[in-house]
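Presented below is the structure to which this report refers.
Sequence lines set the chain letters: A, B, ... in the order given, protein chains first and strands last, and positions in each chain run from 1.
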Number of protein chains: 2
Amino acid sequence: MSPAAAEPLTPERILETTEEVLRRYGPAKATVVDVARALGVSHGSVYRHFPSKAALREAVTQRWLGKTVGRLEEIASDGAGSAPSKLEAWLEALFDAKRHKAGDDPELFATYTVLLAENSGVVESHLAELVEQLGRIIAEGVEAGSLDVPDVPAAARAVFDATGRFHDPQYAAEWTSPTITREFEAVTSLVIRGLRA
Amino acid sequence: MSPAAAEPLTPERILETTEEVLRRYGPAKATVVDVARALGVSHGSVYRHFPSKAALREAVTQRWLGKTVGRLEEIASDGAGSAPSKLEAWLEALFDAKRHKAGDDPELFATYTVLLAENSGVVESHLAELVEQLGRIIAEGVEAGSLDVPDVPAAARAVFDATGRFHDPQYAAEWTSPTITREFEAVTSLVIRGLRA
DNA sequence: CGGGTGACAGATTTCAATATCTGTCACCCG
DNA sequence: CGGGTGACAGATATTGAAATCTGTCACCCG
């Protein structure tokens, strides 16, 4: 009895529509009823596929975080290049990805920043995955003799922490500063220098 | 016509009482009327000494930030000790000061975190002062040959940025983690190693 | 019988009225 | 006449009643 009731109702379609609704109404006003309305079903149906609004939002968050990881994974597992240059490329790719997400559609970025704050568990495992990638690059550098660190996982974590200003969404407002690139390079080169053999 | 109308009304007394009121009611509910009531005067009198509520809160903020600087300045201008060890001591003193402020009275700390967000101008010049202190230590190290950096102010800024997780109040919640000290040491030693000759 | 429905209870949000606060100013007092 | 007062006009915050939302469930349909 509504515009789009043709396709079968899958978790996938619900997630897509939820993103759409979040984009349109923002995190504060997007409701499960809105999502159901956009799908042309009753809100009870949405609860067949997701146990709660929180779970639905968590799934959307996970999806969004997943998009960045692919590109970074490529760099981390790329056979060519020295560890220091891979490290630099990886950190720059992370910063670029975040900066573009924030700059291209600030409202949507603000929406996801709210979702991130709501879903600290999802964020935590996402961060762990990124630190693990960093660890693999550093381990490779230690193997090859270009880097020298006593404790690879700790160093990976330290590199990630030290560059927080350039990937933590809480700092997004500063990413439009004209000097931010210079600052990024200063921190990055300082940190990489600190890892060198 | 009120409890404490003996002393003359000075900016100093107003500031003290404002701190008191902020401590009691929090940043959202502390009003100029509350401050005046606590002082036993009309709120019009408070406006004789401060042009606006914002200016009053700004002055309180500045006062609070000033308290940390003294101890750090001591370390920065201490004649004895090598630059790297002074750097480490300075960073640790900064972290300790923040961590204690946050841990000893979390509510008051939250109050000041709100004030900090309101008064970005005050914060900016406070941060500039801290970075300047770092710069003096680093310059000393370069002079003495223990450190080697191409651009001292940029390096000072980079050190400050890289250690943000351990002084930016936005991360205060993480300062109670049992692993935070280890993480602090990892970042600090990484950064100092990056500055070494 | 897997998947959808819509009525329902309790929790949460919205909205408009009411109250309080900010900032000004003419006036007052020692 | 420097410093304090309190009444006042917006601006902002509080409050409580009404509307909406979340999550459940008995029922229904192919």
* **Annotated protein contacts, base or backbone, on nucleotides 23-30 of chain C with a non-hydrogen cut-off under 4.0 Å, one of B, S, - each** => BB-B----

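Across the protein-nucleic acid pair, A:L56 atom CG and D:dC21 atom C1' stand 14 Å apart, rounded to whole Å. Counting to the nearest Å, the P atom of C:dT22 and the CD atom of B:E118 are 12 Å from each other. In this structure, B:R37 places its CZ atom 14 Å from P of D:dT5, rounding to the nearest Å. Note: CG (A:L39) to P (C:dG3) measures 16 Å, nearest angstrom. In this structure, CG of A:D34 is placed 14 Å from P of C:dT13, rounded to the nearest angstrom. In this structure, the OH atom of B:Y25 is 18 Å from the P atom of D:dA13, given to the nearest Å.
Dense packing is recorded around NZ of A:K67, with more than 12 heavy atoms of other residues, nucleotides or ligands lying under 6.0 Å away.
Summary of the strand contacts: B:L9 and B:A28 both lie near DNA chain D, and taking for each the nucleotide with the nearest heavy atom, the more 5' one is attributed to B:L9.
For A:S45 and C:dG3, the shortest distance from a side-chain N or O to OP1 or OP2 is not below 4.0 Å.
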Indicate every side-chain donor-acceptor pair of residues 180-197 of chain A with a distance under 3.5 Å to a residue at least two apart or in another chain.
residue	atom	partner	partner atom	Å
A:E183	OE1	A:R165	NH2	2.4
A:E183	OE2	A:T179	OG1	2.9
A:T188	OG1	A:F184	O	2.7
A:S189	OG	A:E185	O	3.1
A:S189	OG	A:A186	O	3.3
A:R193	NH1	B:D148	O	3.3
A:R193	NH1	B:G194	O	2.5
A:R193	NH1	B:R196	O	3.3
A:R193	NH2	B:R196	O	3.4

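Counting only N and O atoms by type, the side chains of A:K53 and A:T31 include no donor and acceptor under 3.5 Å apart. In the model, B:K98 has no side-chain atom that pairs as donor or acceptor with a side-chain atom of B:T68 under 3.5 Å.
With a 3.5 Å ceiling on both atom-pair distances, the Watson-Crick or G-U wobble partner of C:dA16 is D:dT15. As the counterpart of D:dC29, C:dG2 is assigned, both hydrogen-bonding distances of the Watson-Crick or G-U wobble pattern falling under 3.5 Å.
Ring geometry for B:F95 versus B:W175: interplanar angle over 60°, hence perpendicular rather than tilted (30 to 60°).
When distances are taken from the side chain of B:V33 to each of C:dT5, D:dT22, C:dC21, the shortest belongs to C:dC21.
With sequence neighbours left out, A:R63 forms a side-chain contact (heavy atoms from CB on, under 4.5 Å) with A:E12, A:L15, A:E16, A:E19.
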